[in-house]
Amino acid sequence: MSLGYAEKLSFIEDVGQVGMTEHFDSSNILQEKIERLATLIRKSKHLVVFTGAGISTSCGIPDFRGPKGIWTLQREGKALPEASLPFHRAMPSLTHMALVELERAGILKFVISQNVDGLHLRSGIPREKLAELHGNSFMETCPSCGAEYLRDFEVETIGLKETSRRCAVKQCGAKLKDTVLDWEDALPTKEMNLSEKHCRMADVVLCLGTSLQITPACNLPLKSLRGGGKIVIVNLQKTPKDKKASLVIHGLVDKVVSGAMISLNRQIPPFVRVDLFQTIITQALSLDKKYVNWTLRVSSVHGHKAPLPFVKSVEVSFLDREDYKGAILEKEPFQLKRRTVSTKSFEVVLKLNFSEGCGCPYIEMNIPIDFTVRKKNKKQFQSIVLISTKTPIFEELKETAIQESCCGQNAVIVRREILTPQSEETVYAVVTNIVRHNKTAKVSELGDSLSNGGNVKRRLENGCTGTLKKKRSKNRHKKKPTTTTTSSLST
């Protein structure tokens, strides 16, 4: 978590001391309530979930009104909690992934979130089934055509202001804006309309980890009551809406949701994070045409000036070419400039060292370079930032990572060649995290092992290093092992 997260949420009004004290139901009562919750979910025809900061505390993101919340600590003059991971590497919790499973099963119809951490989208909840009432720290939107861009870095502004990037949709190009609200900003009309619609249709509105104190959002669940719907509140603190609820559960959200999933006999899927980056090789002949001046750049797919937060450094070497000088690139832009003989082909070896929070330390890539070969590829290169992560190649990467229980699997997503200046751009996808949330046999056994900062048997898969090797020339005598299959996507 960066300091920017607290700043971005400072627009939410602190309305007093209501709900400051935490309450825990006894083990027997908790188990009984969880069974009642599971029954309500099982019988529901239109389940809506309303989420607050409490579902993300186990991701390392502090809440605001709890005993260790940001506002509580600030009021007491204490230091803000240290984040265990950078905010951009926070990963969905057990609860986030359980909601994904319920949505895939057709049980969960809509999610309303007051959080700006972007974890619902990262977890796999479809955008059309999600309302982010306060915005998303990782989202930019085009005010002209409505295109949305989910970034792997925090957008630098708040308050619906213009950012430094433009819309990539053809024939648009308008300046993008951030989506996080500021004090004076009204809740987005589209998100509110969808939320009201689904709450009116809901037979169950499940409120998870929210104090239900921020208006007008906190009144959304009440709209289900007119149609005979029921409200369930899962929160450690008491809320102003408890009297309206059919069921109030005082317990850790992950613990409650895990128990409900056990009762429902539903498996909680693992979370697999896939990140994108690109390599750009630009070349130009020297005046005497004996040499090629070329540049290799490793950069973000979100624009040449956008940060690449999950890459710490890039090591460049040359396979079987001891006379070519390698380099270690430790600062962005990760860029190498060299001059080589134009008639000689060779292979560049890239080692991408990943930053804190990634599940594997690095990957290696071999890139064959032959400046004498001119490829004829006139296919249109789709906008990188609009690449869908729902395509088969992404699903194949995720499935392979789950089966192998390690990170590092990678593949070519798309490639294009540009004539002026002569260059080749290649986009890669790489699995950088896997998190499994294992269920336990009995709800009572979840016990005291959980705290506000922990998940139910949350396990990160580490230790594998993926390599990506392109086609090698026939006379190569050195060969390194690979743990992945390279796939490409035509556009």
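What's counted below: heavy atoms across the whole structure, side chains too, no hydrogens, waters or symmetry copies.
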Report summary line: Across all chains, not counting sequence neighbours, the salt bridge (charged side-chain N to carboxylate O under 4.0 Å, His left out) partners of Lys230 are none
Query - Residues which pass side chain to side chain contact (heavy atoms under 4.5 Å, CB included) with Ala105, listed by chain and number, not counting sequence neighbours - result: Ile107, Arg266
Query raised in the report: Among all residues two or more places apart in sequence or in another chain, which pass the side-chain hydrogen bond (donor to acceptor under 3.5 Å, both in side chains) test with Ser164?
Result: Glu156
Donor-acceptor contacts under 3.5 Å from residues 44-53 side chains, at least two apart:
{"from": "Ser44", "atom 1": "OG", "to": "Ile41", "atom 2": "O", "distance (Å)": "2.8"}
{"from": "His46", "atom 1": "NE2", "to": "His198", "atom 2": "ND1", "distance (Å)": "3.0"}
{"from": "Thr51", "atom 1": "OG1", "to": "Ser113", "atom 2": "OG", "distance (Å)": "3.4"}
{"from": "Thr51", "atom 1": "OG1", "to": "His120", "atom 2": "NE2", "distance (Å)": "3.0"}

Query raised in the report: Partners of Arg89 by side-chain hydrogen bond (donor to acceptor under 3.5 Å, both in side chains), sequence neighbours excluded?
Result: Asp275, Thr432, Asn433
Query raised in the report: With sequence neighbours left out, what residues match Pro143 under side chain to side chain contact (heavy atoms under 4.5 Å, CB included)?
Result: Lys177
Requested in this report: Kindly write out the residues that satisfy ring-ring contact (aromatic ring centres under 6.0 Å, His included) with Phe153, not counting sequence neighbours, or none if the list is empty.
Outcome: His302
Query raised in the report: Partners of Lys33 by side-chain hydrogen bond (donor to acceptor under 3.5 Å, both in side chains), sequence neighbours excluded?
Result: Asp25
Report task. Not counting sequence neighbours, list each pair that qualifies as a ring-ring contact (aromatic ring centres under 6.0 Å, His included) and has a residue in residues 222-253. Result -> His23-His250
**Report entry** Under the side chain to side chain contact (heavy atoms under 4.5 Å, CB included) test, residues paired with Glu399 that sit two or more places apart
**Finding:** Gln403
Requested in this report: Could you tell me which residues satisfy side chain to side chain contact (heavy atoms under 4.5 Å, CB included) with Asn219, sequence neighbours excluded, listed by chain and number?
Outcome: Thr215, Leu222, Lys241
Query raised in the report: Between Phe87 and Ile61, is a side-chain contact (heavy atoms from CB on, under 4.5 Å) present by the stated rule, with each step listed?
Result: CA-CA 8 Å; Phe87 184 37; Ile61 300 173; 3.6 Å; yes
Requested in this report: Determine which pairs satisfy salt bridge (charged side-chain N to carboxylate O under 4.0 Å, His left out) with at least one residue from residues 127-144, sequence neighbours left out, and list them in order.
Outcome: Glu103-Lys129, Arg127-Glu148, Arg127-Glu191, Glu140-Arg151, Glu140-Arg165
